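These notes are about the structure you will find just below.
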Amino acid sequence: MTDTDTVPAKPARRERKPRQSDKVRKTSFTQALNNALDLAMAKHDEMFVIGEDIAEMGGDFGVTKGLFNKYGGERVRDTPLSEAAIIGTCAGAAMVGMRPVAEIMFADFLGECYDQIVNNVAKMHYMFDGQFTAPLVIRTACGGGFGGGPHHSQSVEGWFLNVPGIVIVAPSNPVDAKGLLLASIDSDDPVLFLEHKALYRSRAEVPPDYYTTPLGTAAVAREGSDVTVVASMRMVPMALAAAEKASEQGVSVEVVDLRTIRPYDADTVLSSAAKTGRVVVANEAPKIGGLGSELSARISEECFSELSGPVVRVDGLDTPIPFSVPLEEVVLPDEAAVSAAIAIAAQY
Amino acid sequence: MTDTDTVPAKPARRERKPRQSDKVRKTSFTQALNNALDLAMAKHDEMFVIGEDIAEMGGDFGVTKGLFNKYGGERVRDTPLSEAAIIGTCAGAAMVGMRPVAEIMFADFLGECYDQIVNNVAKMHYMFDGQFTAPLVIRTACGGGFGGGPHHSQSVEGWFLNVPGIVIVAPSNPVDAKGLLLASIDSDDPVLFLEHKALYRSRAEVPPDYYTTPLGTAAVAREGSDVTVVASMRMVPMALAAAEKASEQGVSVEVVDLRTIRPYDADTVLSSAAKTGRVVVANEAPKIGGLGSELSARISEECFSELSGPVVRVDGLDTPIPFSVPLEEVVLPDEAAVSAAIAIAAQY
Amino acid sequence: MDTPTLIGLYRDMWLIRAFEQGLEREFEKGNVPGMLHTGLGQEATQAALAHHLKASDTFFPDHRCHGINALAQHRYGGDGERIMAELFGKATGVCSGKGGSLHSADPNVGNFGDNAVEGSYMATVLGVALAAKIRSQPNVACAIIGDGTVGRGEFHESLNMAAIWDLPVLYACVNNGYAISMPVGEGHASADIVDMVKGYGIPTRQLDGNHVIEAAEEVGEAVEHIRSGKGPYFLEFKTWRWQGIFAGEFRPEAEVKYWREDHDPIMLATEALAERGVSQSELYTVEQEVKELIEEWISFAMESPSPDPAKATADVYVGWEVATR
Amino acid sequence: MDTPTLIGLYRDMWLIRAFEQGLEREFEKGNVPGMLHTGLGQEATQAALAHHLKASDTFFPDHRCHGINALAQHRYGGDGERIMAELFGKATGVCSGKGGSLHSADPNVGNFGDNAVEGSYMATVLGVALAAKIRSQPNVACAIIGDGTVGRGEFHESLNMAAIWDLPVLYACVNNGYAISMPVGEGHASADIVDMVKGYGIPTRQLDGNHVIEAAEEVGEAVEHIRSGKGPYFLEFKTWRWQGIFAGEFRPEAEVKYWREDHDPIMLATEALAERGVSQSELYTVEQEVKELIEEWISFAMESPSPDPAKATADVYVGWEVATR
Ligand SMILES: Cc1ncc(C[n+]2csc(CCOP(=O)(O)OP(=O)(O)O)c2C)c(N)n1
Ligand SMILES: Cc1ncc(C[n+]2csc(CCOP(=O)(O)OP(=O)(O)O)c2C)c(N)n1
Ligand SMILES: [Mg+2]
Ligand SMILES: [Mg+2]
């Protein structure tokens with residue numbers, strides 16, 4: 001489990017304290033999300049939470065814990081295993097001005113409601129000429145690294161990257177998780193909110209009040225001048241760790257945390273790329289047709305004359321996620337892979 | 001409607017004859033596909049065709065015409081509107097060695113069976129350690145340009161680009177359509193076979209015998225030395241027309257017809273890009289997260305020192321497809337857009 | 001049902017028929033882009049539904065529902081011509097031409113738009129109904145689905161969820177006997193869709209969808225049941241569409257004759273009205289008035305401008321602009 | 001049922017129980033990666049199904065089916081330990097560790113693997129059954145689904161298609177009363193799943209899934225029906241899982257007592273065998289033999305090597321290699 005405490009705009013170097021007291025003092029990613037939902041429920045009468053086992057049980061990962069007791073079954077609603085109907089229910093409710101937040105237990109199950117998301121939720125504002133909005137949030141647990149096997153470990157942002165109308169949000173730390181979830185709920189656009197399972201237990205000092213982290217803005221999680229690493233979700237703590245190691249070798253690495261994957265913050269990405277001229281793009285999903293391709297293409301095209309060398313991509317291999325842990329380790333990118341990519345880029 | 005007669009490996013310049021006699025002599029894209037299905041049914045006892053209205057009616061676009069009368073209802077099978085069950089049926093049958101060919105009437109409806117394709121069909125060979133293969137073909141009509149509106153016009157390759165295990169085939173002309181469909185049916189990998197609706201009526205001289213066009217191989221549809229255009233499906237005839245016009249201005253354009261989108265023929269793409277050093281990538285789908293991003297990234301990374309200028313992308317705008325024809329024309333890329341991109345690239 | 005009400009329904013049916021016939025004519029002339037599915041032959045079902053749905057209710061129309069869309073637009077918006085204009089892809093259409101035949105919507109008149117992925121709104125309708133329930137509004141959320149659409153898995157997810165949550169959903173299943181070329185009895189375990197609904201404990205009725213009196217009365221009962229908070233209701237209208245399939249007519253001759261000649265909903269209503277002593281000429285006047293209105297709508301649509309090209313990139317997101325070329 | 005057969009089923013149930021208990025123990029020790037769902041408490045249902053399925057039949061197991069997987073592997077492959085090894089993610093597993101608990105398959109013993117997107121194989125099973133039908137093979141294709149899984153739309157698509165095509169599908173619905181925390185009666189229009197099946201015209205039976213004699217006899221009848229070409233069959237087994245949810249037990253105390261103490265399938269079988277005069281010690285011997293076997297399997301799994309790293313990139317495609325790092 002990774003432990004991060006980056007804050008939105010500027011990175012605060014972590015003071016190393018004994019792990020035990022860390023846990024007492026700091027808020028986990030899960031708790032930060034739970035707190036955001038609680039604050040949003042209090043603010044928005046029109047909001048409800050819906051999904052499988054999210055009421056009394058508090059969700060498979062505990063993100064909705066306590067909401068049922070506080071807000072009741074009308075607003076915190078368990079469903080059967082009917083993913084299409086869950087998203088359909090949110091879409092319909094959103095059409096009449098409600099603000100639903102769905103939990104799809106594992107991102108892998110988004111295939112069940114892909115039509116609802118892509119053909120209904122993402123298009124309704126456009127195809128009905130702005131007469132409807134779809135202010136719903138689809139929260140879901142994604143990513144690998146825990147022996148979950150091929151149907152509980154996928155990084156799914158690539159499934160939705162080519163779909164205009166959907167917003168894809170992907171926090172890397174508890175502070176952003178809260179701020180981005182609140183911004184997603186406030187937003188009148190439909191948001192696919194990705195929660196990487198390996199980050200759930202990461203901890204940071206999270207402000208207790210209602211704050212939002214603007215959608216569509218990346219964060220420079222660490223400043224640097226030699227190499228830029230663009231990353232999101234779990235790759236951010238890996239990139240930060242790799243950057244730390246690189247600095248010991250005299251390579252100054254800037255880490256851009258994308259935070260919103262669609263529409264993404266091209267300004268921040270491109271200006272960092274232009275500044276360093278050496279870029280690594282790091283993603284957990286397979287390389288072909290993934291977010292890394294989009295970023296590499298954009299950077300290569302728009303920073304053509306500033307680049308000292310080709311963009312270097314670090315990704316998952318082009319395979320499903322195998323169950324066996326040693327095999328999964330082969331498939332998923334790790335900190336060493338990011339370090340290796342930084343080393344290549346630094347040589348240009 | 002576009003009229004092409006490119007052949008797999010080398011382009012044969014078309015002799016302009018009166019349209020009427022063209023129609024008599026040549027075979028349409030639809031007929032070429034129909035002929036491929038007929039030949040494959042005769043060859044593979046284990047093959048069956050399944051989908052909505054594909055039996056007596058011969059399919060919404062007439063691609064399965066005549067098969068029901070020739071091969072009977074057991075092998076040419078109409079279904080209810082149950083897209084998940086259609087693909088599930090094919091998947092299960094493939095697991096026991098059959099060779100099903102499904103028709104999903106419009107590619108837009110793949111959302112209904114996305115889970116089956118992504119989590120079952122694409123993964124079964126891998127996750128069950130090679131014990132099963134999924135030799136099925138999913139034929140579907142994609143693309144816009146006929147006032148079909150947001151749910152009958154989409155280019156869906158982007159939905160599946162980041163999914164390891166699936167093969168995506170996308171012919172641009174009748175000769176390839178036949179050869180690629182036969183290769184897809186022969187293949188032991190699952191194939192998503194994209195038929196652009198605007199190409200159905202295109203015509204060419206199609207050899208009557210059983211031949212296959214190898215999956216995973218691009219074709220140089222036109223040779224040239226100044227600018228490379230990488231395209232697929234409907235963008236290929238547009239690229240060829242734009243290339244013709246560019247040659248009048250003294251710009252020699254090479255057109256690479258991708259033919260297989262996943263896994264694609266990087267060798268052919270990269271060697272053309274390295275040769276000309278100026279590249280246009282043309283796709284009908286929206287730019288962000290599309291096939292164009294993948295190609296641009298790959299070319300930019302691997303031909304870094306050969307490129308005279310940035311890769312230029314021509315794509316659909318980042319919107320759903322509107323119904324009204326003048327609006328659709330704004331959204332979809334046309335020949336003029338390809339020409340404009342060639343002009344930009346040529347200046348580098 | 002009193003005679004003025006029946007005359008009103010007669011008028012509504014003629015409005016639908018004239019709308020569709022005018023549209024068909026213009027489609028053949030090339031004035032209407034895209035695809036066209038008409039509701040000809042199904043006027044009684046649509047008129048019966050429209051009769052009981054208020055502007056504060058919601059309906060999700062299917063691909064044959066231009067008629068109900070036009071009726072609602074005419075009745076509650078006073079601008080039925082905007083449905084016609086939408087089908088022509090014009091700036092004056094209800095969606096400025098962005099939706100077209102398969103995505104015409106106007107929430108102000110209760111029309112929440114078709115989803116051309118047939119049947120997906122069996123899921124969406126749940127949310128509209130849930131919102132009404134949470135807000136204690138006596139609204140009906142109606143999903144109009146064809147017999148073929150019943151093949152979709154969302155049929156089960158929707159019925160089940162509407163049942164467990166007692167949602168105010170009216171399922172209006174228009175069983176016209178075929179899904180394109182697939183006869184209902186071959187595509188489904190039962191040719192009677194209601195059979196597949198029984199297990200959910202939802203009240204169901206199968207009725208003659210071409211008898212406007214019966215249809216309107218049954219819809220009235222269903223709507224009353226739903227409005228009074230008793231949960232979902234399922235109606236199966238047995239009817240028939242005039243439009244064949246691409247290759248022309250494929251249905252048995254006797255079947256065609258029965259539905260087109262002996263069981264035409266407008267003819268049945270004409271007979272009922274004649275029995276009540278309403279004169280032929282009064283009915284003829286109704287028919288002519290409506291036909292003139294439709295021609296006005298067609299002229300309006302024809303003369304309307306195409307949408308501003310800027311519309312092509314508008315409203316993808318609320319919070320962001322998208323790039324133009 | 002004769003006594004030797006019943007003793008066989010008793011042994012099978014013990015094999016399942018010992019397998020799951022051994023697995024649970026090793027999971028707690030950290031030797032089994034990922035997630036774990038056990039079939040404890042549901043041994044009679046699984047043993048009854050396994051009893052009638054041949055190696056030439058097909059079954060799609062769900063997440064609680066380690067037991068049936070192990071039985072089939074043991075019986076037809078002679079290598080039940082390879083199911084255990086799969087759960088440990090080892091090279092000797094049936095899928096070389098690539099599938100794990102949720103994707104253990106071996107077509108040679110009829111095991112076509114779970115799909116951890118619960119219920120998706122309600123669609124896949126149709127294809128296996130269709131192939132058998134086209135080839136005139138007397139095979140049964142069985143989908144084992146939980147009560148919660150019934151919520152999926154594919155439930156309807158599958159039942160409908162199996163019905164219209166008379167496919168040889170055995171639907172084995174394991175109704176253990178809950179889907180994680182959702183009671184069956186709250187998640188579905190009816191707590192009796194068979195109610196939702198009636199509309200399809202498929203023969204259905206609801207039975208006590210903890211009485212192995214009754215269960216095996218009913219499965220036998222269903223399988224006989226299907227093999228003789230009469231089409232699909234739906235069985236609902238009422239049973240109960242010992243495993244609670246994350247936060248511990250949440251089900252009413254009386255319910256827990258009823259199922260765990262008064263209605264334990266192994267205890268019920270023990271009583272039936274005692275009535276037939278089978279001695280305690282004979283049964284004890286069976287139990288001990290099976291437990292030893294399972295310990296051997298666990299040792300085998302523990303001692304097996306991890307998969308060759310090259311497996312990570314093998315078999316993505318048949319026709320292409322994928323890149324390594
Ligand atoms: C999910 C989906 N599958 C297929 C289609 C193509 N399609 C459009 S209408 C239609 C038939 C629908 O039949 P039915 O519901 O009975 O309506 P009808 O046309 O008879 O009124 C089909 C298959 C679609 N639009 N959506
Ligand atoms: C499509 C899908 N949705 C949700 C899940 C998460 N999930 C796994 S098991 C389960 C409960 C299944 O309940 P049931 O079918 O009754 O099986 P049981 O665990 O009770 O044996 C859920 C919701 C899943 N695996 N797949
Ligand atoms: Mg119909
Ligand atoms: Mg259960």
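Here is how names work: the chains are called A, B, and so on, in the same order as the sequence lines, proteins then strands, and each is numbered from 1. Quick caveat, the model's predicted, so the values are computed rather than measured.
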| message | Only pairs of heavy atoms separated by less than 4.5 Å count here; which of A:Ala340, A:Pro333, A:Gly149, A:Ala337 has the most with chain D? | response | A:Pro333

| query | Non-hydrogen atoms of chain D under 4.5 Å away: do they reach the side chain of A:Ser153, the backbone, both or neither? | reply | neither

| query | Does A:Thr319 use its side chain to pair, donor to acceptor, with the backbone of D:Val316 at less than 3.5 Å? | reply | no

| Residue among D:Glu86, D:Arg325, D:His103, D:Glu186 with most heavy-atom pairs under 4.5 Å to chain A | D:Arg325

| Interatomic spacing from CZ in A:Phe146 to CE in D:Met35 - rounded to 0.5 Å | 5.0 Å

| Counting heavy-atom pairs under 4.5 Å to chain D, which of A:Ala85, A:Pro150, A:Gly62, A:Pro320 comes out on top? | A:Pro150

| A:Phe323 to D:Phe88 - nearest heavy-atom pair and separation | CE2-C, 4.4 Å

| field | Contact class of D:Leu36 relative to chain A, heavy atoms under 4.5 angstrom | value | neither

| query | What residue in D:Lys311, D:Lys90, D:Lys98 has the most heavy-atom pairs under 4.5 Å with chain A? | reply | D:Lys98

| said: I need the minimum non-hydrogen distance between A:His152 and D:Leu102, along with the two atoms involved. | reply: CE1-CD1, 3.4 Å

| message | So for D:Ser120, is it side chain, backbone, both, or neither that comes closer than 4.5 Å to the heavy atoms of chain A? | response | side chain

| remark: Honestly, the part of A:Leu332 sitting under 4.5 Å from a heavy atom of chain D is backbone

| What are the two closest non-hydrogen atoms of A:Asp53 and D:Ser181, and how far apart are they? | OD1-OG, 2.6 Å

| request: Select one option (side chain, backbone, both, neither) describing which atoms of A:Glu112 are under 4.5 Å from chain D's heavy atoms. | output: side chain

| request: Kindly check if the number of other-residue, nucleotide or ligand heavy atoms within 6.0 Å of CD (D:Glu255) is above 12? | output: yes

| query | What is the minimum heavy-atom distance between A:Val325 and D:Pro33, and which atoms define it? | reply | CG2-CB, 3.9 Å

| Out of curiosity, D:Thr313 OG1 to A:Leu317 CG, how far, rounded to the nearest 0.5 Å? | 7.0 Å

| Contact leader toward chain D among A:Gly58, A:Pro80, A:Pro326, where contacts are heavy-atom pairs under 4.5 Å | A:Pro80

| message | Can you tell me which portion of D:Asp315 sits under 4.5 Å from chain A's heavy atoms? Options are side chain, backbone, both or neither. | response | neither

| task | Take A:Glu83 and D:Val117 through the test side-chain contact (heavy atoms from CB on, under 4.5 Å) and record every step on the way to the result. | result | CA-CA 11 Å; A:Glu83 282 78 9; D:Val117 187; over 6 Å; no

| Option in D:Ser306, D:Cys95, D:Gly99 with maximal non-hydrogen atom pairs under 4.5 Å from chain A | D:Gly99

| task | Can you tell which part of A:Glu52 gets under 4.5 Å to a heavy atom of chain D, answering side chain, backbone, both or neither? | result | neither

| Rounded distance (nearest 0.5 Å) linking atom CG of A:Leu81 with atom CD1 of D:Ile180 | 7.0 Å

| Would the number of heavy atoms belonging to other residues, nucleotides or ligands and lying under 6.0 Å from CD of A:Glu74 be above 12? | yes

| Partner chain A: residue of D:Gly119, D:Pro307, D:Gly187, D:Ala179 with the largest heavy-atom pair count (under 4.5 Å) | D:Pro307

| note | Greatest number of non-hydrogen atom pairs under 4.5 angstrom with chain D, of A:Gly111, A:Gly147, A:Gly148, A:Ala84, falls to A:Gly147

| query | Which atoms of A:Val330 come close to chain D, meaning under 4.5 Å heavy atom to heavy atom: side chain ones, backbone ones, both, or neither? | reply | both

